[in-house]
Visitor: 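Got a structure for you, written out below as C-alpha cells; questions coming shortly.
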Amino acid sequence: MDSDELLEPETKDDEPKTEPAPQNSDETLYCEAEGSVAVEKEKAPRESSETDLEIEDTEKFFTTGQRELYLEACKLTGIVPVSYFLRNMEESYVNLNHHGLGPNGTKAIAIALVSNTSVVTLELADNCLMEEGLLSLVEMLQENYYLQEMNISDNDLGLKGARIISEFLQRNTSSLWNLQLSGNNFRDESAELLCQALSTNYQIKTLDLSHNQFSDKGGEHMGQMLALNIGLQSLDLSWNHFYIRGAVALCNGLRANMTLQKLDLSMNGFGNEGATALGEVLRLNNSLVYLDVSSNNINNDGVSKISKGLEVNESLKVLKLFLNPMNMDGAVLLILSIKRNPKSKMEEIDISNVLVSEQFLKILDGVCAVHPQLDVMYKSVQGFSEKRALLLWVNPMKLIQSYADQHKITVLDFFKSLNPKGTMRMPVGDFRKAMIQQDKVPVNLHQVRELIKKLDDKTGMVNFRLVWAQRLSDPASAPGKPPVLCQAPRLIPAPGATLCALDEARAPPRQLGALSLATKAGPTVCPPPPSFPLTVGCRLRGQILGTQ
C-alpha cells in the first residue's frame, strides 16, 4: 500500500470507522507523525473540552485500545510515537528516562495513561518536561488510580514546577506514593512551596529531593514540615547545601516526627554542631531505622555526640558515617555505645574510610557477643598480614556445601533451618545473627557479609532462592561439568536416557526439593521436570534403577 493512502483523511462523517492499528515498522510510525497537521485541523473542536487530556468522542475513548489511543494522542500533539512505550505500555514498569520527550511527547504519554490500568511505575527522568509537560502529568494523575511511583528527576523544573507539584500534593487525590524529584534546580523558595503541601499530605511515602539547591533556609522549611507530616517514611535530602543552621532546624523537626524511617542527609555540611543535634534526635526519636550522614565533616567530637544518642536509641538499624574525618577513637566510641545499649537494634555501621587496629577487632568481638546481628564496615586492619587476611576470606558457600554433602541435605535445607518460620526469605539482621550463633558451619563476620551480598534481594531481606543464581554462575556448573544438585553418588544416564538432574538451568527453583536423590532408606528416582521426556533411565553405580 502506498504511504500516501495512510495519510488520507476520512471525509464521511456519517460512517465512523475505527482506524486499524499500524504495523510495527519505522515507516508507519513516521507516517503517523507526518500526518499530524491534517489530523489536527480535522479535530480542532476537541480543544474546547474541559481538560487537555480529554477526548471528546467518549465512545471511541472507551473502545479504542491502548496502542491506538497513544497513536491518536501523538497525532493530536504532532510528535513521533515512542516505539519503546508502544511495546511496554501494558507492563507494570515503564522506563522512559533520557528519551527527549519534551512537553508534547509527555502530553501524549499522559493521554495514553489516563485510562491505563497496567503501568504502576513510570520513569521520566531527563526529558525536558517543562511546565506544560508537568501539567499534563498532574492532570493524568487525577484520573489514573493505578500509577503509584513516578520519577521526574533531572528536568530542571525550578520554581514553576515546584508550584505545580505543590498544588497537586495539597489535593491528596492520586494513588502516587513514591515521587522522585532529584536534580530539578529547586531552591529555598521551592522548598517553602513543597513543604507547605507536604505538611498536610499523607499520600506520599517516599520522596527524593536530592541534588537540589536547598540551603539553610530550605532546611528550616524542611524541619517545620517534618514536625507536621504524618505520611513520609523515606526522605532523601543528600547533595544539598545544609549547614549548621539548616541541620539544627531539620533535627528539631525530626524530634517531633513519628513516621519517618529512612533519612539520607549525606553530602551536606552538618559538622559537629549538626552531629550534636542528630545525637539528640537519636535519643528521643524511635521511628528512624536508617540514617545516612556520610561526608558531613563530622569528626570524633561529633561522633561522640551521636554515640550518646545511640546508647538509648531502640530503633536505628543502619548508620552510615562514611567519608567523615573521624579515626579509630571515634569508631571505638560508636561500637561501645551499642554495647552499652541492651535494646539496640543496630545491624550495620559504615565507617569504610577508617583504618582500625587489632585491638579494635577484639572490642568489636566483645560487642558482637552481645549483639550478634551487628556488622561494622571499616577500611582495613593495621599490621594485618596477608596470610591471616586470606584465612578470613575462605568461600563460605564452599563450607556450607561441604557441610550439606556430609549430612545428605541441600544447601537450601541448611539455610531454611536458620529461619524459625522455615520460609525462603528472612531479614538481613536476623540472618546475620543466626549465622553467627549457629555451630554447624564455622564462619566469621567477613564471610557472613559475603553471604549477605550474594543473597540480599535489595529489600532488606536475604532470599535463599538466589542460591540457584549463584550455582548457575559457579564454574562447577559450566557446560561439560556435572551439576551438583542431588545429595547422592553421581548419577550416570543410561544410553539414550535423560537424567532427572540434567540441565540445571532448566529446572525451576521449586523443583530443588524434588531433585534430592539420596535418603537413608535408599536412593529414589526424581520425577522429571515437565520439559523432560517421560521415559527416564538412571544408572547408579552400574545398576539400572528404573524406567518410565
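We use all heavy atoms of the structure for the numbers below, so side chains are in, but hydrogens, waters and symmetry mates are not.
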Visitor: I need the single residue from L355, L364, I349 that forms a side chain to side chain contact (heavy atoms under 4.5 Å, CB included) with Y378. Which is it?
Guide: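 Exactly one pass, corresponding to L364.
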
Visitor: Show your reasoning for whether side-chain hydrogen bond (donor to acceptor under 3.5 Å, both in side chains) applies to N285 and N257.
Guide: CA-CA 8 Å; N285 182 293; N257 186 279; 5.2 Å; no

Visitor: Hey, could you give me the CD1/OG distance between I335 and S307, rounded to the nearest 0.5 Å?
Guide: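 The distance works out to 10.0 Å.
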
Visitor: Would you call the rings of F464 and F431 parallel, tilted or perpendicular, where under 30° means parallel and over 60° means perpendicular?
Guide: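 Tilted.
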
Visitor: For atom NZ of K308, is the number of surrounding heavy atoms from other residues, nucleotides or ligands below 6.0 Å larger than 12?
Guide: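 Not buried by this count: 12 neighbours or fewer within 6.0 Å.
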
Visitor: Can you tell me how far CD of E149 sits from CD of Q180, rounded to the nearest 0.5 angstrom?
Guide: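 CD of E149 is found 8.0 Å from CD of Q180.
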
Visitor: Ignoring hydrogens, what is the shortest heavy-atom contact between N116 and Y146? Give both atom names and the distance.
Guide: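 Looking at all heavy atoms of both residues, the closest pair is O-CD1, 3.9 Å.
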
Visitor: Are the side chains of I452 and M435 in touch, meaning some heavy atoms are under 4.5 Å apart?
Guide: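 In short, these two side chains do not touch, never coming nearer than 4.5 Å.
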
Visitor: Identify the heavy atoms of V318 and M346 that sit nearest to each other, and give their distance.
Guide: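 In terms of heavy atoms, the two residues are closest at N-SD, 4.0 Å.
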
Visitor: Taking the side chain as every heavy atom from C-beta outward, state whether L310 and L334 have any atom pair closer than 4.5 Å.
Guide: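 The answer is yes; the side chains approach within 4.5 Å.
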
Visitor: Specify whether H211 and W239 have parallel, tilted or perpendicular ring planes, treating 30° as the upper limit for parallel and 60° as the lower limit for perpendicular.
Guide: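 H211 vs W239 ring planes: parallel.
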
Visitor: Is the closest side-chain heavy-atom distance between L418 and F414 below 4.5 Å?
Guide: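 The answer is yes; the side chains approach within 4.5 Å.
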
Visitor: Are the side chain of N144 and the backbone N or O of L113 linked by a donor-acceptor pair below 3.5 Å?
Guide: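 Such a contact is found between N144 side chain and L113 backbone.
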
Visitor: Taking atom types as modelled, find out whether N127 and H99 have a side-chain donor-acceptor pair closer than 3.5 angstrom.
Guide: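 No, because no side-chain N or O of N127 sits under 3.5 Å from a partner of the opposite role on H99.
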
Visitor: SG of C368 to CZ of R432: how many Å apart, nearest 0.5 Å?
Guide: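 If I round to the nearest 0.5 Å, the distance is 9.0 Å.
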
Visitor: Kindly indicate, with the supporting measurements, whether the criterion side-chain hydrogen bond (donor to acceptor under 3.5 Å, both in side chains) is fulfilled by N172 and N201.
Guide: CA-CA 6 Å; N172 276 302; N201 180 280; 3.0 Å; yes

Visitor: Can you spot which of N313, L254, V312 makes a side chain to side chain contact (heavy atoms under 4.5 Å, CB included) with L282?
Guide: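 Of the listed options, the one satisfying the test is N313.
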
Visitor: Is it the case that N324 and N296 place a side-chain donor and acceptor less than 3.5 Å from each other?
Guide: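 No, N296 and N324 have no side-chain donor paired with an acceptor closer than 3.5 Å.
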
Visitor: Using a cut-off of 6.0 Å, state whether more than 12 heavy atoms not belonging to I230 lie near its atom CD1.
Guide: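 No, not enclosed.
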
Visitor: Atom CG of N178 and atom CD of Q148: how far apart are they, to the nearest 0.5 Å?
Guide: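 One gets 9.5 Å once the value is rounded to the nearest 0.5 Å.
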
Visitor: Kindly indicate, with the supporting measurements, whether the criterion side-chain contact (heavy atoms from CB on, under 4.5 Å) is fulfilled by H407 and K440.
Guide: CA-CA 11 Å; H407 291 79; K440 301 174 182 178; over 6 Å; no

Visitor: Report yes or no: do S295 and S266 form a side-chain donor-acceptor pair below 3.5 Å?
Guide: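 No, no side-chain donor-acceptor pair sits under 3.5 Å.
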
Visitor: Is there a donor-acceptor pair closer than 3.5 Å between any side-chain N or O of Y93 and the backbone N or O of N88?
Guide: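 No; zero donor-acceptor contacts below 3.5 Å.
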
Visitor: Between atom CG of D126 and atom CG of N151, what is the distance when rounded to the nearest 0.5 Å?
Guide: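 Result: 10.5 Å between the selected atoms.
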
Visitor: Judged by atom type as modelled, is there a donor-acceptor pair below 3.5 Å linking the side chain of H241 to the main-chain atoms of G218?
Guide: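 Looks like no, no N/O pair under 3.5 Å.
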
Visitor: Check this for me: K320, atom NZ, are more than 12 non-hydrogen atoms of other residues, nucleotides or ligands nearer than 6.0 Å?
Guide: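 Result for NZ/K320: enclosed.
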
Visitor: Is the shortest heavy-atom distance from the side chain of V356 to the side chain of V376 under 4.5 Å?
Guide: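 The answer is no; the side chains never approach within 4.5 Å.
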
Visitor: Are there over 12 heavy-atom neighbours, none belonging to E90, within less than 6.0 Å of that residue's CD?
Guide: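 12 or below, so no.
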
Visitor: When rounded to the nearest 0.5 angstrom, what distance separates CG in D430 from CZ in R425?
Guide: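 D430 CG to R425 CZ: 12.5 Å, rounded to 0.5 Å.
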
